[in-house]
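Have a look at the structure below, then the notes.
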Amino acid sequence: MSEVHAPSTHTATIAWRDQGPLFATQADTTGLSSLRGMVSGDVVAPPVAQVLGIEVVKADPGTVRFTMPVKTFLTNHFGLLAGGILSTVMDSALGWSILSAIPEDKDIVTLDLNVDFLRPVHEASGLVTVDTEVVHLGRNRGMASCRVVDAKGRLCAAGKSSCLIRDKDTADPRTEAAEAAR
C-alpha cells in the first residue's frame, strides 16, 4: 500500500518594476539600444521577463543571449520546466534578435514559433541559456534560430521563429485601453 503524502503549501510573491514607456511607442529607440540598456540595467525589462527571471546578457546586431533560472513553481507534474515557459523565453529571445537588427522606426510581431524539446529541463538543470541569431532579414519578414543549453552546456531545445517587420505604432495601447474603459 502506498503512503499518503500531505502536500505542502508554498507561496510565491510576484513583484515587478514598471517598465516605463513601451519599446514600440519610442520612435527613436532601436531594439539593439533597448537590449543593451537591459544588459546595463538602464532599461527595465518587461514584466514577464522580470517575473520569469529572464535576463539579457549579450546583445549584438542580429544576435542575443538570454538566460533564465529554472524555478520550482514553473515546473509541471513531472517536475520539469513547463514547455510553455521554455517557449516563452525562446520566443522573447528570437524576437529581440530580429529587433536588434532592424531600423528604429520598425518593430515586430511573431508570426510563428517552432520549438523542438530535446532534453528535459528541471531545477537541477540550473540556468538555461538561449543563444539566437537572425538567419534571414527581409523588408517585411525576419527569421531567427536559437539553441537552449542548460548549466552544463547540454542542448535542451532548439527553435526558430519568423516575425512580421512593420512600422512602429507609437500610440501606447495601455493609454488607449484606459481611455476605452471610461
Side-chain angles (χ1 to χ4, degrees), residues 19 21-40 42-70 74 81-121 125 127-173:
Q19 68 179 322
L22 299 176
F23 166 78
T25 66
Q26 299 175 42
D28 60 347
T29 302
T30 65
L32 185 59
S33 65
S34 289
L35 283 166
R36 288 183 171 164
M38 286 183 237
V39 171
S40 70
D42 294 332
V43 173
V44 177
V48 68
Q50 294 176 53
V51 170
L52 294 178
I54 297 169
E55 290 191 24
V56 182
V57 295
K58 179 183 168 198
D60 291 313
T63 63
V64 299
R65 175 176 288 161
F66 282 22
T67 60
M68 186 184 77
V70 179
L74 300 175
L81 182 65
I85 301 297
L86 189 56
S87 296
T88 298
V89 67
M90 293 170 72
D91 180 43
S92 296
L94 289 160
W96 276 102
S97 68
I98 294 170
L99 278 171
S100 74
I102 61 176
E104 65 191 20
D105 63 335
K106 302 290 185 187
D107 71 5
I108 58 101
V109 175
T110 301
L111 294 171
D112 60 52
L113 175 65
N114 240 329
V115 176
D116 289 310
F117 301 106
L118 304 171
R119 174 185 301 278
V121 177
S125 300
L127 196 68
V128 293
T129 300
V130 182
D131 281 305
T132 66
E133 75 173 324
V134 171
V135 295
H136 170 76
L137 195 59
R139 188 169 51 87
N140 297 317
R141 190 170 178 152
M143 180 184 283
S145 65
C146 72
R147 294 172 43 90
V148 180
V149 298
D150 65 13
K152 293 182 180 176
R154 298 177 296 195
L155 184 63
C156 299
K160 70 179 182 73
S161 176
S162 61
C163 295
L164 174 68
I165 299 171
R166 63 185 192 166
D167 292 334
K168 279 187 182 177
D169 178 1
T170 56
D172 190 332

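Fair warning: this is a prediction, and the values are worked out from it, not measured in the lab.
- Among Ile102, Leu99, Asn140, Thr110, the single residue meeting the side-chain contact (heavy atoms from CB on, under 4.5 Å) criterion with Cys163 is Thr110.
- For the pair Phe23 and Leu35, the minimum side-chain heavy-atom distance is 4.5 Å or more.
- A pairwise comparison of heavy atoms in Thr30 and Glu104 identifies CG2-CB, 3.6 Å as the closest pair.
- Atom CZ of residue Arg119 and atom OG of residue Ser125 lie 8.5 Å apart, to the nearest 0.5 angstrom.
- A salt bridge (charged side-chain N to carboxylate O under 4.0 Å, His left out) check over residues 22-37, counting only residues at least two apart or in different chains, returns the pairs Arg36-Asp60.
- Nearest heavy-atom pair, Val149 versus Cys156, reported as atom, atom and distance to 0.1 Å: C-SG, 4.2 Å.
- Applying the salt bridge (charged side-chain N to carboxylate O under 4.0 Å, His left out) test to every pair with at least one member in residues 127-138, sequence neighbours left out, gives these pairs: Arg65-Asp131.
- Taking CZ of Arg147 as the reference point, atom OG1 of Thr129 lies at 11.5 Å (rounded to 0.5 Å).
- Remark: Leu118 engages Asp116, Leu155, Ala158 in a side-chain contact (heavy atoms from CB on, under 4.5 Å) (not counting sequence neighbours).
- Separation of atoms CG (Asp42) and OG (Ser33) is listed at 11.0 Å; rounding is to 0.5 Å.
- If you take OG1 on Thr132 and CG on Asp91, they are separated by 11.5 Å, rounding to the nearest 0.5 Å.
- Contact check for Met68 versus Val130: no side-chain heavy atoms found under the 4.5 Å cut-off.
- The salt bridge (charged side-chain N to carboxylate O under 4.0 Å, His left out) search around Asp150 returns Arg154, not counting sequence neighbours.
- With sequence neighbours excluded, the residues forming a side chain to side chain donor-acceptor pair (under 3.5 Å) with Lys106 are Asp167, listed by chain and number.
- Here salt bridge (charged side-chain N to carboxylate O under 4.0 Å, His left out) pairs that include residues 92-102, with residues two or more places apart or in two chains, number zero.
- Residues Thr29 and Ser34 approach most closely at CG2-OG, 3.2 Å, considering heavy atoms.
- Residues Pro46 and Met38 meet the side-chain proximity criterion, which asks for heavy atoms closer than 4.5 Å.
- The two residues Met90 and Cys146 have their closest heavy-atom pair at CE-SG, 3.6 Å.
- The two residues Ala24 and Asp107 make their nearest non-hydrogen contact at CB-OD2, 3.4 Å.
- At least one side-chain heavy atom of Val121 sits under 4.5 Å from a side-chain heavy atom of Val128.
- Side-chain atoms of Gln50 come within 3.5 Å of backbone N or O of Ala45 as a donor-acceptor pair.
- Between Arg139 and Ile165, every side-chain heavy-atom pair lies at or beyond the 4.5 Å cut-off.
- Contact of the Ser87 side chain with the Phe117 side chain is registered, since non-hydrogen atoms from C-beta on lie closer than 4.5 Å.
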- Task: For the pair Leu86 and Val115, evaluate side chain to side chain contact (heavy atoms under 4.5 Å, CB included) and give the outcome as yes or no after the intermediate values.
- Result: CA-CA 9 Å; Leu86 189 56; Val115 176; 5.8 Å; no

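- When all heavy atoms are compared, the tightest approach of Val134 to His136 is CG1-O, 3.5 Å.
- Counting heavy atoms from C-beta on, the side chains of Leu94 and Leu113 come closer than 4.5 Å.
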